[in-house]
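Input: a single structure, listed below in structure tokens.
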Amino acid sequence: MTNITGRVREAFRGDQRVDADALIARLDAVRRFLTAVDGLLPDAELVPAHTLVERAGTRLALSRDHTVVALAGATGSGKSSLFNALAQLALSPVGVRRPTTGVTHACVWGPLEGANRLLDWIGVLPRHRFVRESALDADDETALHGLILLDLPDFDSVQRSHRLEVDRLLGLVDQVVWVVDPQKYADRVIHDSYLREFHRHRDVTLVVLNQADRLPPAEVPRVLDDLRRLLDTDGLTGVPLLSTTAIDPAGMVGLRGALERTVAERQAALRRLAGDVDTVVAGLDELVGSARPAGGPDDSTVDGLNRALAGAAGVPAVTEAVQQAYRHRAVAATGWPLVRGWRRLRPDPLRRLHLPGPADAGADAAESLVAATSVPDPTAAQRSALGLAIRAVADRAAADLPAAWPGAVTAAARSRLGDLPDALDRTIAGTDLGLGRRPLWWRVVGGLQWLVTLAAVVGLGWLVLGYALRALGLPALDNPMVGQVPLPTLLLLGGLLAGLLLAALTRPVVRWAARRARARAEQRLTAKVARVGEEYVLTPVRVVLGSYAQARDALRDAARR
């Protein structure tokens with residue numbers, strides 16, 4: 001995007017008309033900008049924009065049939081004399097003591113009733129409002145009907161309240177006529193503090209060199225040329241510059257003609273507001289710059305966040321417990337039946353973490369608990385790693401943004417940091433760890449263990465019965481032979497040896513399967529933890545980036561003429 005200030009800068013409208021609908025669209029874009037950045041940028045940076053939206057909405061809602069023109073100048077410049085000469089009435093006091101004009105006077109051409117709401121908003125007291133309407137004028141003043149002319153206090157008044165009133169009114173009027181005199185036309189105060197600040201309002205600015213009658217006729221062009229040079233330096237190139245004298249009606253013709261054209265065009269209010277939009281947009285430009293926001297942090301940064309979240313959530317401890325629990329349950333299910341009961345007396349590793357224990361091993365539903373777990377709290381190193389990972393997400397997401405935005409992105413990334421521990425704990429507790437069903441091979445091995453154990457028990461019982469019969473002097477049992485070994489002995493020893501061999505062969509398989517169960521649980525837990533990171537860290541960051549994009553687009557629309 002090209003620099004917004006560059007597009008707004010210095011386009012002197014002159015006789016160009018400002019389309020009211022286009023202006024309203026630009027104001028709406030400023031409103032959209034303010035909505036997008038609400039709560040994200042410092043309020044102090046947004047005061048001019050809020051003021052513009054409020055003032056522009058009020059001004060457009062008030063009378064569009066009236067044009068408010070202010071006469072502004074320093075003490076002794078002859079503002080009040082010009083005011084009275086234009087009104088052809090002695091309305092504003094004229095004097096030489098500082099300050100001469102202490103309050104604002106208003107003269108309305110046409111009925112006062114239609115201008116009262118506008119004057120109420122501007123803040124001119126009713127007793128200082130006058131009507132320029134007389135039956136003696138016939139149609140002489142018709143060309144100025146709709147003009148509201150204000151005589152402002154002196155901006156260089158020794159009374160600070162007068163200067164504050166001038167500054168307030170200069171932000172409300174439609175057009176400003178700056179009145180200077182031959183002695184102080186180059187005064188630094190008016191140029192540095194006022195005229196230079198109006199360079200974006202050139203199309204509603206008019207400068208008059210008053211009291212030109214005090215100069216020799218040959219000096220007037222030279223003074224006007226020097227004043228024009230100063231105005232060009234102030235950025236007011238193209239601004240109309242007139243010479244006036246209040247004591248000679250001929251010296252007022254140029255100024256009166258300019259006011260008549262302003263009233264006839266009915267454009268001053270729109271041009272003033274357009275200039276205000278230009279000024280506000282230029283001031284906001286550095287808040288959005290020209291960077292196109294990224295969609296969020298890159299994959300490596302997100303992976304780092306997920307690893308830090310997994311560490312803080314205790315995923316390594318849980319997966320280690322899953323591996324141990326799998327071995328514990330597998331050995332209990334596939335070991336010798338005679339020692340299985342003893343194995344079950346040992347605590348299940350998952351139960352120590354308040355995760356599903358052996359009582360839940362055969363459940364058909366996914367293993368999940370809603371209560372808090374007893375997963376160890378994150379260590380200081382893990383908390384530090386999580387903080388650094390969140391900061392890395394914010395820094396990466398805001399890498400290309402203007403200086404006003406990284407703080408907002410960082411605040412968004414950390415906005416739900418206090419909720420993360422509980423969210424991670426609930427996620428760990430609610431994750432199916434993959435141990436909810438007994439594997440089929442556990443049942444097969446367990447069944448074989450029961451068979452060989454039963455064979456050993458039968459062989460032992462057979463041998464015990466044979467010894468008992470011989471001890472009682474009864475006929476001994478006829479023991480079948482398998483080769484050179486009696487069948488009962490073979491059953492006993494074979495069962496015992498087969499059980500030992502089966503357990504030995506099963507143990508490496510159990511270790512391998514336990515590692516797979518751990519990897520499977522780690523994958524599931526990491527995916528669930530990543531969802532927590534997405535909801536609690538990444539989504540708030542992307543919301544801010546979206547707000548930045550909306551603000552950037554809105555300001556671009558506001559900059560369009």
Side-chain angles (χ1 to χ4, degrees), residues 1-9 11 21-54 56-57 274 276-306 389-417 419 530-561:
M1 181 179 75
T2 59
N3 186 271
I4 291 175
T5 303
R7 292 208 306 270
V8 170
R9 187 176 55 207
D21 292 336
L23 175 61
I24 292 173
R26 295 181 67 194
L27 291 169
D28 182 66
V30 175
R31 290 190 189 93
R32 287 191 284 113
F33 173 88
L34 292 173
T35 300
V37 303
D38 184 33
L40 300 177
L41 298 183
D43 291 337
E45 302 282 355
L46 306 177
V47 169
H50 283 291
T51 301
L52 167 65
V53 170
E54 180 182 356
D276 289 342
V277 175
D278 291 346
T279 302
V280 166
V281 169
L284 296 175
D285 182 42
E286 64 180 14
L287 298 181
V288 297
S290 58
R292 182 175 295 277
D298 54 29
D299 292 341
S300 62
T301 306
V302 174
D303 290 341
L305 172 65
N306 292 339
I390 293 176
R391 183 58 184 262
V393 167
D395 290 345
R396 185 65 189 89
D400 298 326
L401 299 184
W405 288 87
V409 175
T410 300
R414 299 177 59 85
S415 61
R416 305 190 68 181
L417 187 58
D419 299 330
R531 293 181 187 176
V532 174
E534 177 71 30
E535 178 181 356
Y536 284 75
V537 179
L538 298 179
T539 295
V541 167
R542 291 194 177 101
V543 168
V544 174
L545 294 178
S547 296
Y548 169 79
Q550 293 172 10
R552 177 175 168 272
D553 293 342
L555 200 61
R556 180 185 58 197
D557 293 340
R560 292 173 179 168
R561 295 186 181 281

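Reckoned from all heavy atoms, side chains included, excluding hydrogens, waters and symmetry mates.
Nearest heavy atom pair, residue Ala49 against residue Leu284, reads CB-CD1, 4.1 Å. Closest approach of Ala404 to Leu41, counting heavy atoms only: O-CD2, 3.4 Å. For the residue pair Val281 and Ala559, the shortest heavy atom distance occurs at CG1-CB, 3.9 Å. Closest non-hydrogen pair, Gly304 versus Ala389, comes out as O-CB, 4.0 Å.
No side-chain N or O of Asp38 forms a donor-acceptor pair with one of Thr35 less than 3.5 Å apart.
Atoms CD1 and CG, on Ile390 and Leu538 in that order, are 9.5 Å from each other to the nearest 0.5 Å. Taken from CG in Leu401 to CG in Leu287, the straight-line distance is 12.0 Å, to the nearest 0.5 Å. Between the CZ atom in Arg552 and the CG atom in Asp557 there is a gap of 11.0 Å [rounded to 0.5 Å]. Note that OH of Tyr536 is 14.0 Å distant from CG of Leu305, once rounded to the nearest 0.5 Å.
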Using the side-chain contact (heavy atoms from CB on, under 4.5 Å) rule, take Val409 and Val393 through it: C-alpha gap first, then chi angles, then the decisive distance, then the call.
-> CA-CA 9 Å; Val409 175; Val393 167; over 6 Å; no
Please step through side-chain contact (heavy atoms from CB on, under 4.5 Å) for the pair Arg416 and Val537, ending with a clear verdict.
-> CA-CA 7 Å; Arg416 305 190 68 181; Val537 179; over 6 Å; no
Where do Asp28 and Arg31 land on the side-chain contact (heavy atoms from CB on, under 4.5 Å) test, with the steps shown first?
-> CA-CA 5 Å; Asp28 182 66; Arg31 290 190 189 93; 4.2 Å; yes
Would Phe33 and Leu46 count as a side-chain contact (heavy atoms from CB on, under 4.5 Å) if you check the C-alpha gap in whole Å, the side-chain angles of each, and the deciding distance to 0.1 Å?
-> CA-CA 10 Å; Phe33 173 88; Leu46 306 177; 3.9 Å; yes
Any chance you could lay out the salt bridge (Lys or Arg N to Asp or Glu O under 4.0 Å) test for Asp276 and Arg26, step after step, and finish with the verdict?
-> CA-CA 11 Å; Asp276 289 342; Arg26 295 181 67 194; over 6 Å; no
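Of the possible polar contacts, none joining the Ser547 side chain to the Val37 backbone as a donor-acceptor pair under 3.5 Å is found. Between the Trp405 side chain and the Val288 main chain, no donor and acceptor come within less than 3.5 Å of each other.
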